[in-house]
Student: 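Below: one structure in structure tokens.
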Amino acid sequence: MTDSLKEWLSGFRQLSRNPGFSASVVFTLALAMGVTSAMMSVGDALLLKPLPYHKPGELFDVSETSARSSGVTSLPNALDWKEQSRTLKPVAYYMETALPLDLGSGTTIVPVVKGSYEMFETLGVTPAVGRVFDPRDEREPEKNVAVLSAAFWRETYGEDRSVIGKTIRLNHSSYTIIGITPAEFAFPIGYPTAIWTPLAPERDLKENRGARNLSVIGRSHPGETLKSVEAEFAVLSRRLSEQYPDAQQGWTTRVRSYDDLARGHLRPMVLALVGALGVVFLIACANVTGLLLARVSARRREFTIKAALGASMLRIVRQILIECVLLSLIGAGFGALFTLIILTIFQPHLGIHVREAGEVAMNWRVGLFVLVQAIACGSLTAILPALALARETSQSGLREEALTVLSSRRQNRLMKVLASSQVALTFVLLVAAGLMLRTLDRLQHTNTGFEPDNVLTAELWPSLEPAAGDALSETSGRGDLVRDAYLPLVDHLGSLPEVQAAGLISVLPLSGFSGTRFFVAGRPKPSSAETPRCEIRAVSEGYFRALGIQLLAGRLPGAQDGGRTSPVAVINDVLARKYFPDDDALGKQVKLRFEGPNKESITIVGVFRATVQRSLSDPPEPELDLPYSQLTPDHLLYPYLGAVKTNVVLRTAVPPERVAPSLRRAVYKEAPDLAIDNVRSLADHMRRTLTGRQFSLFLIATFALLALAMALAGLHAVIALWVSQRTRELGLRMALGAPRSNVVGLVVRQTGFVVIAGLIAGWGLFAPLSHLVGDFLQGVAVTDTLTIAAVSLSILLIGLLAGFRPAWRAASILPNDVLRSE
């Protein structure tokens with residue numbers, strides 16, 4: 001048996017002889033490694049796992065951006081890029097939507113992506129079953145075809161391969177199923193696509209460069225870089241601006257790698273979590289190091305005997321290192337078990353909060369991380385005990401008396417430094433969690449401009465083709481959804497006994513935006529770049545009453561505003577203040593600016609208090625609301641606001657969930673051609689907009705509390721060791737007449753000294769790291785005095801409580817016992 005193997009076996013036997021010490025160290029390391037490995041698994045799924053495409057590094061997203069919008073382009077521009085680009089071949093365009101699907105047993109809404117036939121070729125996807133799009137599918141749009149996702153195929157058809165060639169009723173049109181994607185395939189990343197269908201150019205306005213509703217993706221030739229692709233599209237952008245100055249003014253082209261588009265927004269969150277995990281890992285190492293220092297001190301006689309028998313200092317230090325690494329490896333083993341438990345618990349929730357993560361599980365990358373973490377932890381925790389032992393040995397030749405020094409002032413000083421460092425790192429995490437908590441609280445108490453309690457919402461989808469894919473196209477033959485379906489339905493809903501008010505709105509608050517340009521009649525016509533912009537909505541008469549929105553001036557749209565009357569609109573007070581600062585906005589007229597001809601002017605008849613629009617963290621933008629009652633099929637905005645999905649809102653006299661069945665029955669009975677989806681309370685809708693922040697706060701707070709628990713354990717160990725080392729001194733003090741309160745005060749002062757030193761270090765450490773949490777804050781400064789003071793006071797009080805047991809032990813020392821031992 002080699003000497004090395006003997007040393008490892010000796011280390012294992014040494015640990016087995018001290019099960020209490022070994023168990024405490026292993027549990028501390030297992031808990032820390034389990035949490036860090038679990039979050040590493042999430043980070044791996046979010047940022048490190050390759051995208052499910054062929055050579056994903058060659059994929060680039062191309063879009064247009066302006067001061068008000070970004071991420072999309074128009075069909076004419078996409079076709080020009082596709083034809084003229086030399087760095088990207090092939091190039092595909094696509095759009096996300098949602099359509100009603102008739103499964104025979106009822107209608108449901110499914111996420112759909114419509115794309116050009118090159119989409120799957122660009123992504124390099126080979127179907128699991130059947131085929132994907134080819135040019136004939138685009139040339140013959142009347143032969144509707146569809147490709148299903150593997151998840152949708154499994155859930156709906158039980159992975160039955162015979163579905164190829166069968167038809168489905170999507171948006172009341174028949175589509176032939178031609179293929180199934182691989183199980184790992186997802187496109188676009190972050191969108192739960194169930195079905196892909198071709199987007200035929202013949203069905204769109206090829207000449208309308210203002211209708212920006214498409215995304216573009218391309219695959220670069222080998223050797224092309226992001227800079228070379230950017231350089232080419234900068235030239236193409238200038239060329240389009242010269243050819244079409246009105247449509248392209250204020251718009252520039254942006255090129256990004258698709259990986260950056262899909263996952264770049266997650267990096268700040270993941271990096272912040274990695275930083276928090278690093279803090280937890282360091283605290284665990286510091287905690288274990290303190291325990292090992294105490295353990296080395298207790299084994300001074302053993303080391304003296306080994307030295308007397310000829311063991312070199314190097315061999316003794318190596319033995320300490322082996323024992324530390326063994327503890328870390330055992331801790332890593334149990335940590336892997338904790339990782340599996342944590343992922344099992346949180347896996348169902350990751351799809352809600354971090355949809356891009358997909359299936360999160362341990363893999364070889366995470367396993368390698370755990371192994372490296374264990375070795376690093378074992379090595380780090382062995383350094384201080386080994387250095388302390390070597391230093392004392394170099395001064396005294398390993399005499400027992402010298403080793404006793406390890407358990408005296410120098411060792412205690414080292415442990416105090418470790419405990420203070422744990423307090424400092426815990427302070428950083430707790431302040432970060434406190435700032436995020438204050439941000440969340442501020443957002444939850446944001447003045448939304450409406451009353452969300454007792455409001456039920458639902459999406460209504462028309463049976464006709466939504467205009468998202470062919471906006472501004474011909475509307476003849478579509479029927480009049482507003483008068484035939486939406487308005488009669490909302491009138492019926494308003495008559496239900498449990499409903500106090502019912503209304504419609506095209507874009508629900510906190511559900512995105514729908515912007516347009518306009519200009520004020522009677523004022524000089526501004527340039528395209530200076531044309532005012534506003535959010536635009538379509539609303540019914542009862543919407544403002546259903547949400548409790550305050551009318552500030554004028555009137556709301558009513559029954560008198562019909563399709564044959566003069567167009568009217570109501571605006572929010574933000575638009576009134578911004579564009580009519582010195583005048584009364586009532587009675588003023590505005591015109592909406594599109595690429596088509598301008599219709600007649602719209603008269604402002606009312607001003608209402610602004611409501612939140614895109615998110616709770618964004619201030620309200622100027623908003624103009626048009627009445628649904630005036631959206632006739634010949635209206636310029638009918639394809640945008642009338643022939644698409646709308647949202648119904650009901651003010652209920654009972655809890656909203658009790659009204660949901662009545663709402664569904666009313667839709668099925670009064671408007672059977674409409675599909676209903678996302679039935680939920682407005683309060684629940686608001687909560688869902690905060691789930692990402694809540695999830696991040698939950699993780700950071702969990703890490704902070706874990707760090708606090710370990711820091712308190714380390715602090716308790718330091719003070720307990722200090723009391724045990726000074727038992728004789730404390731006993732003599734009381735034998736000479738010192739009251740027990742003085743002894744307790746002495747212990748409390750020692751505890752306070754360690755905690756305050758840690759807080760001072762924490763204040764200095766947080767300053768350079770504060771920018772890591774800045775992206776998560778809204779309306780709260782990273783130097784928020786209240787949060788920092790509250791965290792500091794809390795840590796001080798809890799830290800003093802951690803010293804209570806050692807202080808009680810010190811006060812319980814019997815002077816007679818100490819004197820007899822002398």
Student: Any side-chain heavy atom of D684 sitting closer than 4.5 Å to one from E657?
Tutor: no

Student: For residues V113 and P188, report the shortest heavy-atom separation together with the two atoms involved.
Tutor: CG2-CD, 3.6 Å

Student: Minimum heavy-atom separation for E230 to V255, with atom names?
Tutor: OE2-O, 3.6 Å

Student: For V648, what residues pass the side chain to side chain contact (heavy atoms under 4.5 Å, CB included) criterion, not counting sequence neighbours?
Tutor: A458, L460, L493, L504, L650, L663

Student: With Y628, which residues qualify under ring pair (Phe, Tyr, Trp, His ring centres under 6.0 Å), at least two apart?
Tutor: none

Student: List for me each residue that meets salt bridge (charged side-chain N to carboxylate O under 4.0 Å, His left out) alongside D618, sequence neighbours excluded, and say none if there are none.
Tutor: none

Student: Anything under 3.5 Å between a donor and an acceptor, one on a side chain of residues 119-129, the other on a protein residue two or more places apart or in another chain? List them.
Tutor:
residue, atom, partner, partner atom, Å
T122, OG1, E118, O, 2.7

Student: Taking atom CZ as the centre, does R161 end up with more than 12 heavy-atom neighbours from other residues, nucleotides or ligands that are less than 6.0 angstrom away?
Tutor: no

Student: Only counting residues at least two apart or in another chain, list the ones meeting side chain to side chain contact (heavy atoms under 4.5 Å, CB included) with I109.
Tutor: A98, P100, W461, A675, D677

Student: Can you tell me how far CD of Q613 sits from CD of E535, rounded to the nearest 0.5 angstrom?
Tutor: 5.0 Å

Student: Could you give me the CA-CA distance, side-chain angles and deciding distance for R680 and T457, then say whether side chain to side chain contact (heavy atoms under 4.5 Å, CB included) is met?
Tutor: CA-CA 6 Å; R680 59 193 178 193; T457 70; 3.9 Å; yes

Student: Dump the intermediate steps for side-chain hydrogen bond (donor to acceptor under 3.5 Å, both in side chains) on S257 and D259, then the final yes or no.
Tutor: CA-CA 5 Å; S257 69; D259 183 86; 5.3 Å; no

Student: In chain order, what residues pass the ring pair (Phe, Tyr, Trp, His ring centres under 6.0 Å) check against F152, with sequence neighbours excluded?
Tutor: none

Student: Check whether any side-chain heavy atom of S228 sits under 4.5 Å from a side-chain heavy atom of T225, and report yes or no.
Tutor: yes

Student: What distance do S116 atom OG and Y94 atom OH have between them, rounded to the nearest 0.5 Å?
Tutor: 10.5 Å

Student: Is it the case that the side chain of Y258 and the backbone of I189 share a donor-acceptor pair, with hydrogens and angles ignored and the cut-off at 3.5 Å?
Tutor: yes

Student: Does the side chain of W196 reach to within under 4.5 Å of the side chain of F133, using non-hydrogen atoms?
Tutor: yes

Student: Pair L240, W81 - check side chain to side chain contact (heavy atoms under 4.5 Å, CB included), show working.
Tutor: CA-CA 10 Å; L240 289 176; W81 292 344; 3.7 Å; yes

Student: Can you name the nearest heavy-atom pair linking V110 to A194, along with the distance?
Tutor: CB-CB, 4.3 Å

Student: Would you please name every residue forming a salt bridge (charged side-chain N to carboxylate O under 4.0 Å, His left out) with D80, sequence neighbours left out?
Tutor: R209

Student: Check whether any side-chain heavy atom of D260 lies under 4.5 Å from a side-chain heavy atom of L226, and answer yes or no.
Tutor: no

Student: Rounded to the nearest 0.5 Å, what separation is found between the NE2 atom of H685 and the CG atom of N647?
Tutor: 8.0 Å

Student: Is a side-chain donor-acceptor pair under 3.5 Å present for E232 with T87?
Tutor: yes

Student: Is there a side-chain contact between T73 and V62, using heavy atoms and a 4.5 Å cut-off?
Tutor: no

Student: Would you give the length of the straight line joining atom CG of L508 to atom OG1 of T646, rounded to the nearest 0.5 angstrom?
Tutor: 9.5 Å

Student: Considering only heavy atoms from C-beta outward, does the side chain of N144 approach that of T197 to under 4.5 Å?
Tutor: no

Student: Decide side chain to side chain contact (heavy atoms under 4.5 Å, CB included) for Y157 and I180; before the verdict, give the C-alpha distance in whole Å, the side-chain angles of both, and the deciding distance to 0.1 Å.
Tutor: CA-CA 11 Å; Y157 298 102; I180 311 296; over 6 Å; no

Student: Which residues pass the salt bridge (charged side-chain N to carboxylate O under 4.0 Å, His left out) test with R658, not counting sequence neighbours?
Tutor: none

Student: Which value, rounded to the nearest 0.5 Å, describes the distance between T253 atom OG1 and N77 atom CG?
Tutor: 7.5 Å

Student: Say you draw a straight line from CG of L101 to OG1 of T156; how long is it, rounded to the nearest 0.5 Å?
Tutor: 7.5 Å

Student: For T167, what residues pass the side chain to side chain contact (heavy atoms under 4.5 Å, CB included) criterion, not counting sequence neighbours?
Tutor: T176

Student: Determine whether a donor-acceptor pair (N or O, by modelled atom type, separation under 3.5 Å) exists between the side chain of K645 and the backbone of S506.
Tutor: no

Student: Please walk me through it: do T181 and W153 pass side chain to side chain contact (heavy atoms under 4.5 Å, CB included)?
Tutor: CA-CA 9 Å; T181 63; W153 177 48; over 6 Å; no

Student: Answer whether the closest heavy-atom distance between the side chains of P198 and Y117 falls below 4.5 Å.
Tutor: no

Student: Can any side-chain N or O of S174 pair as donor or acceptor with the backbone N or O of R169 at less than 3.5 Å?
Tutor: no

Student: Going by salt bridge (charged side-chain N to carboxylate O under 4.0 Å, His left out), name the residues that satisfy it together with E58, two or more places apart in sequence or in a different chain.
Tutor: R219

Student: Could you report the tightest heavy-atom contact between L631 and D480, atom names first, then the distance?
Tutor: O-OD1, 4.3 Å

Student: Could you check if a side-chain atom of V35 sits within less than 4.5 angstrom of a side-chain atom of F338, using non-hydrogen atoms only?
Tutor: no

Student: Could you pull out the closest heavy-atom pair between T339 and G34, with the gap in Å?
Tutor: OG1-O, 3.2 Å

Student: If you compare all heavy atoms of P111 against all heavy atoms of P192, which two are closest, and at what distance to 0.1 Å?
Tutor: CG-O, 2.9 Å

Student: Could you list the donor-acceptor pairs under 3.5 angstrom formed by side chains in residues 664-672, with sequence neighbours left out?
Tutor:
residue, atom, partner, partner atom, Å
R665, NH2, S662, OG, 3.2

Student: Does NZ in K55 sit with more than 12 non-hydrogen atoms of other residues, nucleotides or ligands closer than 6.0 Å?
Tutor: no

Student: Taking side chain to side chain contact (heavy atoms under 4.5 Å, CB included) as the test, write out the residues that go with L371, two or more places apart.
Tutor: L329, I375

